Structure formats: structure tokens, C-alpha cells
Q: 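Below you'll find the structure I mean.
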Amino acid sequence: MKTFYITTPIYYANSLPHMGHLYTTVVADCLARYKRQRGFETYFLTGTDEHGQNIMRSAARSGRTPKEHVDYIVGELKQMFGAFGLDRERGGYDVFMRTSEPFHYEGASAFWRAVARNKTPKGRDCIYKGFYEGWFCAPCGTFKTDEELSLPEHEGDAPLCLIHEAPVDRVSEESYFFCLSDYEGALLELFEKRPDFVRPEARLNEVVSLTRSGLQDVSISRLKSSVGWAIPVPDDPEHTIYIWFDALINYITALGYGHGERLRGDGENLFEKFWPGMHLVGKDILRQHAILWPAMLMAAGVELPHAVIAHGMWLDQTGRKGSKTLGNALELPVLLRHYQVDAVRYFLLREMAFGQDSKVDYGVILERANADLASGFGNLTSRTLTMIERYFDGVVPSPEISDERRLQAKRVGVGSDAQELASSLELVRDQFVQYFENYAFHRALETVWGMIARVDKFISEAKPWVLAKSEDQRETLGAVLYRSAEAIRWLAVLLHPLMPDSTRSLWRQMNLSGGPEKIDPAELTWGGLQPGTRIGEVSALFPRIDKGKIMAEIEKEIEQRKETGTQVAGSDGTHATQAAVPGAATAAETKPEQPPMQGATEAEAVPGAAQPATAEGVVNFINIDDFVKVEMRVGEILTAERVPKADKLLRFTIDLGEAAPRQILAGIAQYYEPENLIGRKVAVVSNLQPRKLRGFESQGMVLAASVGEEGRPVLATFTEDVPNGARLK
RNA sequence: GGCGGGGUAGCUCAGCCGGUUAGAGCGCGGGAUUCAUAACCCCGAGGUCGGGAGUUCAAGUCUCCCCCCCGCUACCA
């Protein structure tokens, strides 16, 4: 039997369920249901990534052990998935994977050993020991990323830990590294040979150019003394496996890789049966899945996945990512309370051009539900079934029109056979399948809705309510209603993976045998609907939502929540800097962006992400308070030299009148000779967050005018004598 | 700074290798109708297709320049 294995990312278990979790899981769920319908034996994985420092911290903040904390989050997630019909009981995922499970420890360790045994394509050991450098907070006992640090009060001092408000240390720690850099060639070859490996294409291009620009080895361990809540490195109890390395392996340990626990009762080996699978991910964690993971698999000698599919993010109406702190994130309980699950599913798949970002708020969901579902599909089924009920006492009429009635039928615009309608349906069916196979869900749905309009039009033109008035048009009337009912049956089959509940409900209303999930759309044939079937009770599939009323209710709920300060999805377990994008991110969210690169700094903070929007069309003025935040001082260049292997950068030490001179880098090497600059007085932004460039930390910015097309820099200088350190205002 | 993708009706977007009056859905206005969830059906609303120049018999559709937005990335800091 054909098999299909699909995964969502395993979600980082330190934030409560949100739109990002819902979306990714819904898409995977649709794909899984679709494949099952198509006759594939399908395995659908979702779950949680439960280790690491951030989880330890979240747990500590809420007074729980890490295990208690992840159990709590898992409970919330499972409850949410259940409410949206995504769990196993409701035909959704097959396994909820948790990285804290013992079998994963065993499998991940086996994977590590397999990698450690191997050589890279360039002949190095795949894993080696080195040093990982970063800012270390002694009271926390952990390394800090830039987002977890604040600027020191005095320039030149170390940054401060946000938790302890104490300076952190520059520390280098022994760490294992994975030779990612040796896989550049193999990865590029992979991307070239299998252009479908990363989808959509735009994302493939990004991954390719990223790989071309050079990969660095990644740190894949931490000291157990600092990150104890993690899987131990095999044979080295002082170290634990770094979160990303650990997490990615779940996709195969869940199937039994490296341990024996996923053999089914009949002795069937799931790993052999289902791997390789395909990974559905948010674009924010594409590189881990498209670069790191394949390299890891190559190193371990495991077959690569079929594909990594990246989807876009949900934004609010102003184009910003949904965020709890901004209050613009949709709340899942609100969705659940006011909208049908299938309406939300429909919206998610219809509104977003798959792969791109899309905007969402409560109103647009409602509008789509009313326009497409209530007025569209729902109304079509309603009018058709009601007429069968009314004109034929609820018994599906015969499609046949006898010879002597043919002319009569034709006269009122009803053809003697259903050929035209059936052909349209076949075409729609084929296009739908085609689009679905290419993850173009929005197009697939568009196509189906085109068909709905055609059937509506067919009914309006045939005017069954007029036919019903004359007894000798009875055959024609029956044929019209049969055709539209049969068309609805087809549509129910097509739409089933996207709207499982509603299509089943429709199936019941039509009193059809089996279920829409049991029919492969590719095998639909015209005439499957049996005349003589007594239909069940007719009811509205998608009741119209009273927009004014519901929107007012939702706004009121949100308002109340603001006042009381309570959030539906409690804000415990999140951290000021961690909660930045809960409405949008997927598995990566508070997991470190990327395994730290050797000798490189951590990811920088994301400026702008939480900044208030400017009124549209208004010049972006700053006020004096904003200006005062920028500290500019006079500095004297003490030393200047070129940065090795960099043709644009100069490295200065500049006296700003402080205890020690600062090291500052500037990208002006193509226009200035370093030796000519020594002794020169320049204007320096002195309170800019330090940032590493080409391995050197730059502790400020030298100001220069940008001249001409090529942006030639011209240093800002003083014509009068000014003391070092004088502030510019 | 580099690479990539965009800027088309109020909104969301289609418009491939250049070719009749520039399209769809939603929303809006009007008409028709009553089987249906004030639904469905029909008609309409005129958008200088970001700006400019060019190639051509003919350009959203190709070339060049410019402006703006987004994504990724960098030796901007």
C-alpha cells in the first residue's frame, strides 16, 4: 500500500496554543485526510519539543519543574487540538510526539552516535569538540542571547542580564560541534537534483543562496551544568544535546529509529514503512529543516525527507505579526466560541495563498464564512435538499427523462442528459486534485466554488419551483434535482479533507452510505447517488453569522480582557522578550533562532517588531524624547586598521573621553586609508547596541554622510577643536 | 549593500511566450425571482494597470532609469 508521512514541527513547549500552532496543524491535517481519502496509508505527526533553557526558565517562573511545565503545555495543546478536531480521536494526527519520552532519548542518542561515527564528505569527523563563546550570566548559570541582555549603563561595560540586572561574562564553554560546513556541496547538489525538496520555489532560492554564501559548523551541545533539562550527550555526561539537534531527530524517533518501540502489534516497523516523509514548517524555521536536518541525516546515513514545505505567516490588518503583547493576535477560544471549526479551517486554507503571508482578523473570517459557506455551499445544499423534501417527499428522484418528455424538458432548458454538468465536475475534480497535490489549497477551493456557482445557476435557470407546478414536468423536475444533488455529493467528497465535520453532516442529511472520507475523489463517477434514497433531516450546514452582533460580542470580550488584564491563554510561561510573536511563529518561537555558529554572535534583536505603527500617510516624526535616546559624542580615532578578509570594514579604537577607548567598526575601507584617519575627530553614536562584525565587536557607529549614487561615505568632522566625549545635541 | 518577489477596480488578488472594448471574488448600486441561510440569478459600477523614457504596427505584458513595499542575506552599525 502507498504510504504517506507528514509532520508538523514539534511545537516548543513553553507557550500556550496560538494561531501559528493551529494553522500549521490544520494544513497538515487536511493533507493527511486527503491522502487517506486517496488510499494512502498515512501517518501524521505533531507534538512538542520539550527541552532547553527557555523551558527551564519558564518552568522556574511559574514554580514548576520542567517536566510539570511541559506536561501542562502539552495538556493545553492537546485540548486545543481536540477542540478543533485535530486529534487522533477525531481523525487527525496519529501521534503526538514528545521529546521528553524515553524512547526519544534512546533514539536521539543512537542518532548522535551514528553521526559521531561518521566522516564528513571532506573526511573530518562529523562531530568534534570545540569552544562555544557567548555572554554568560553566572546567577542564571546560562548563556544569554542578545535579546536576553540589556545595555550596560556605562559604555564599555558588559551588558546586563535582564533577570538579574547584573553584568554577564564573556565566557567560552566547551561544546560539541557538528561539521555543517562540510555539507555545503552535498546540500547544493541536493537542491539542484531535487528542486522539489524545498517548496515553494522562492524558499528554495533562499535556502540555496544561504548555503552558497557559506555554512558554519554549529554547536550541538551545552554543559549539563547549565542546561540540565536536555538529553545527555552519549558517553559524555558533562554535556547535553542542544535543542535543535535533539528536536529534529524526533521525526524519525517517532517512527522507531534507534529504538524498538514503534513496532506495531503485527511486528510492522513504522520507520521502514513511513520514512521518508514530508515536513510542513513555517518559513521562520525553514533553514533548520532544509539545511541542518538534511545534513544531519546525511551524516547519520539516513535517507532524506521527500520535501520541506514552508508556509507563510498570519499578520494583522496592518501587516504586523500577531503578538500577544501587541494585543493583535487572534485568540483561539474566541474563534471556537463564535465560529464553526470547519469555517475556521476553510478560512485558513482559502484565504492564504499558500506560502505567502496573509492578513487576518475576526471580521474577515466572519465575512468569508458568510459569503462562501452560508450563502455559497450551505445555501446550495439547503435549497436542493429542501426541494427534494418538498416536491418528492424526501426521496431522491430519478435522473431519467423518458423519450416522450425529452422535447418538453429541452423546451424549458433542461438537457436530456447530465453530460454537461458531469463534465464540469470532472474537470473541477481534476483541477482540485492537481492544486491540492501542489499545496495550492486556495486555488483548489476557488475551483470548487466556481462549480458551486455553476450548480446554483443551473438551478436558477431550470426553475424547479416552476416545473413543480405542472404535473407533466415532473420528470424534468426530478432530473434537475437529481443532478444538483449528485453534484453536491461530489463536492462533499472533494471538500471532505478541508471540512470533515460539515461534509459528514451533509452525507447524513443526504442519507448516503459510508462516508465522504471513504471515497477517493479521483474515482468519483457520475450517478453514484441512488434514486429512491430517502434523505434525512435537512438543516443549515453553515448558519449565517449575524455580523453586527457577533463582532460586537467579540469586541466586548476583548475589551473586558484588556481591563481585567487576564488573557484567555494565560501569559505565564512567557517572558517579555520571548512573547514577541506568539501569534505567528511556529515551532521556533522561543527556541533559539539557530544553533549558535562558532565564533559568531547570537541572533540580534528584532527591531521594529514591537514598535507602534505610524499613522498612515503621516510623516514619521520623532519627538524630542526619541531624539534624546540617541547619544552622539565626539571621538578621536586612536588606531585604525583593515579587518582581515573584509574589504569594506575598518576597525578603529576611538577615544570617547571614557576610561578606555572603544573598538568601533565602520564600512568605509573602500574610501579611506586607515593611516590617514588616525588622530581625526569624528562623531560617534555611543549608545548603540554592540554588534559583532567579522568577528570583531563594534561598540558604536561612526557617522558619515552618504554621497552620490554609490553612497560614498564622507566622515562627519568638526572644524573647531572639540574635546573627546563632548555630547552632540 | 547584495539577491529574490511585488506595486492592476474600495478590499484581496488573476492576467503565460506583447495583440480585439484590462478580468475574478468580496463589498457597493440597480433589476429579476421566491426553492433556499434577505440567499440564488442578471446588469452596472469606468481602475492614466507605481512614475518616466524606450523598442514595436501594437505594452500591465519586453528593455532601461526612478520611487515605494515585502522576504532572505551581508564585510551598515
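We name chains A, B, ... by the order of the sequence lines, and we start the count at 1 in each one. All of these numbers come straight from a predicted model, not from anything done at the bench.
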Q: What's the gap between C68(B) and G60(B) when it is taken at their P atoms, as a whole Å value?
A: 24 Å
Q: Within the 4.0 Å heavy-atom criterion, would you say Ser375(A) contacts the bases, only the backbone, or no part of the nucleic acid?
A: sugar-phosphate
Q: Between the side chains of Ser181(A) and Asp217(A), is a donor N or O closer than 3.5 angstrom to an acceptor N or O?
A: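 Indeed, the side chains of Ser181(A) and Asp217(A) share at least one donor-acceptor pair under 3.5 Å.
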Q: When rounded to the nearest Å, what value does the distance between C1' atoms of A74(B) and U21(B) take?
A: 50 Å
Q: Taking O4'-C1'-N9-C4 for purines and O4'-C1'-N1-C2 for pyrimidines, is G30(B) syn (within 90° of 0) or anti?
A: anti
Q: Rounded to whole angstrom, note down the C1' distance from C69(B) over to G29(B).
A: 33 Å
Q: Check the distance between A24(B)'s P and Arg454(A)'s CZ and give it to me in whole angstrom.
A: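 So the two atoms are 15 Å apart, to the nearest Å.
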Q: Expected output check: what is the dot-bracket annotation of RNA chain B, where ( ) and [ ] are pairs inside the strand (brackets for crossing ones), | is paired with another strand, and pairs are Watson-Crick or G-U under 3.5 Å?
A: (((((((..((((.....[...)))).((((.........)))).....(((((..]....))))))))))))....
Q: Sequence neighbours left out, what passes side chain to side chain contact (heavy atoms under 4.5 Å, CB included) with Met632(A)? Give chain and number order.
A: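 Side chain to side chain contact (heavy atoms under 4.5 Å, CB included) check on Met632(A) returns Phe627(A), Val630(A), Val685(A), Leu703(A), Leu728(A).
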Q: Rounding to the closest angstrom, what is the interatomic distance between G44(B) and A59(B) at atom C1'?
A: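 Result for the C1' pair: 29 Å, nearest Å.
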Q: Taking atom CD of Glu420(A) as the centre, does the number of heavy atoms from other residues, nucleotides or ligands within less than 6.0 Å exceed 12?
A: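 Incorrect, the count does not exceed 12.
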Q: For C41(B) versus U55(B), give the span between their C1' atoms, rounded off to a whole number of Å.
A: 47 Å
Q: Atom CG of Asn370(A) to atom P of G25(B): distance rounded to whole Å?
A: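 Computing the Asn370(A):CG to G25(B):P distance gives 18 Å.
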Q: From CG of Asn205(A) over to P of G6(B), roughly how many Å is that when rounded to an integer?
A: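 Atom-to-atom, Asn205(A) to G6(B), this comes out as 12 Å.
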Q: Rounded to the nearest Å, what distance is computed from the CD1 atom of residue Ile459(A) to the P atom of nucleotide U34(B)?
A: 16 Å
Q: Around Glu675(A), counting heavy atoms of other residues, nucleotides and ligands shown, do more than 12 lie under 6.0 Å from its CD?
A: yes
Q: In whole Å, what is the span from the NZ atom of Lys463(A) to the C1' atom of C41(B)?
A: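 Answer to the nearest Å: 8 Å.
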Q: Contact class for Ala202(A) (heavy atom, under 4.0 Å): base, sugar-phosphate, or nothing?
A: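 Counting heavy atoms under 4.0 Å across all strands, no contact is made by Ala202(A).
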Q: Can you check the distance between G6(B) and G50(B), where both ends of the measurement are the P atom (answer in whole Å)?
A: 13 Å
Q: May I ask you to decide if the ring planes of Phe436(A) and Phe441(A) are parallel, tilted or perpendicular, using 30° and 60° as cut-offs?
A: perpendicular
Q: Quick one about Ser698(A) and Arg651(A) (side-chain donor to acceptor, distance below 3.5 Å, no hydrogens or angles considered), yes or no?
A: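 Ser698(A) and Arg651(A) do not have a side-chain donor-acceptor pair below 3.5 Å.
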Q: Rounded to whole angstrom units, what separation is found between the NZ atom of Lys359(A) and the P atom of C11(B)?
A: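 The answer, rounded to whole Å, is 10 Å.
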Q: Can you check the Ile291(A) CD1 to C72(B) P distance for me, whole Å?
A: 14 Å
Q: In plain terms, say whether Arg383(A) and Asp456(A) are close enough for a salt bridge, that is, a side-chain N and a carboxylate O under 4.0 Å apart.
A: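 Looking at Asp456(A) together with Arg383(A), the answer is yes, because their closest N to O distance falls below 4.0 Å.
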Q: Does the cation-pi check pass for Arg474(A) over Phe392(A), that is, NZ or CZ under 6.0 Å from the six-membered ring centre and within 45° of its axis?
A: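 Yes, Arg474(A) lies over the aromatic ring of Phe392(A).
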Q: Identify, between Val702(A) and Lys469(A), the residue whose nearest nucleotide on RNA chain B lies closer to the 5' end.
A: Lys469(A)
Q: Say we look at C40(B) and C3(B): how far apart would their P atoms be, to the nearest angstrom?
A: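 Per the computed distance, 49 Å lies between those P atoms.
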Q: Could you tell me the separation between the CD atom of Glu206(A) and the P atom of A74(B), rounded to a whole number of Å?
A: 12 Å
Q: List the residues meeting side-chain hydrogen bond (donor to acceptor under 3.5 Å, both in side chains) with Glu351(A), not counting sequence neighbours, and say none if there are none.
A: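 Glu351(A) satisfies side-chain hydrogen bond (donor to acceptor under 3.5 Å, both in side chains) with Arg368(A) only.
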Q: Taking only Lys NZ, Arg NE, NH1 and NH2, and the carboxylate oxygens of Asp or Glu, determine whether Arg203(A) and Glu206(A) approach each other closer than 4.0 Å.
A: yes
Q: So does Asp357(A) pair up with Lys283(A), basic N to acidic O under 4.0 Å?
A: yes
Q: Is there a residue in residues 340-356 of chain A whose heavy atoms reach under 4.0 Å of RNA chain B, and which residues are they?
A: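 Residues of residues 340-356 of chain A that come under 4.0 Å of RNA chain B do not exist, since none gets that close.
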Q: Using a heavy-atom distance cut-off of less than 4.0 Å, which residues of residues 379-398 of chain A contact RNA chain B?
A: Asn379(A), Ser382(A), Arg383(A), Thr386(A), Met387(A), Arg390(A), Tyr391(A)
Q: Specify the residue among Ala453(A) and Ser539(A) whose closest nucleotide of RNA chain B lies further upstream toward the 5′ end.
A: Ser539(A)
Q: Please work out which of the three classes, parallel, tilted or perpendicular, describes the rings of His311(A) and Tyr23(A), given edges at 30° and 60°.
A: perpendicular
Q: With sequence neighbours excluded, tell me which residues meet side chain to side chain contact (heavy atoms under 4.5 Å, CB included) with Asp501(A).
A: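 Testing Asp501(A) for side chain to side chain contact (heavy atoms under 4.5 Å, CB included), a comparison that skips the adjacent residues, returns Asp342(A), Arg504(A).
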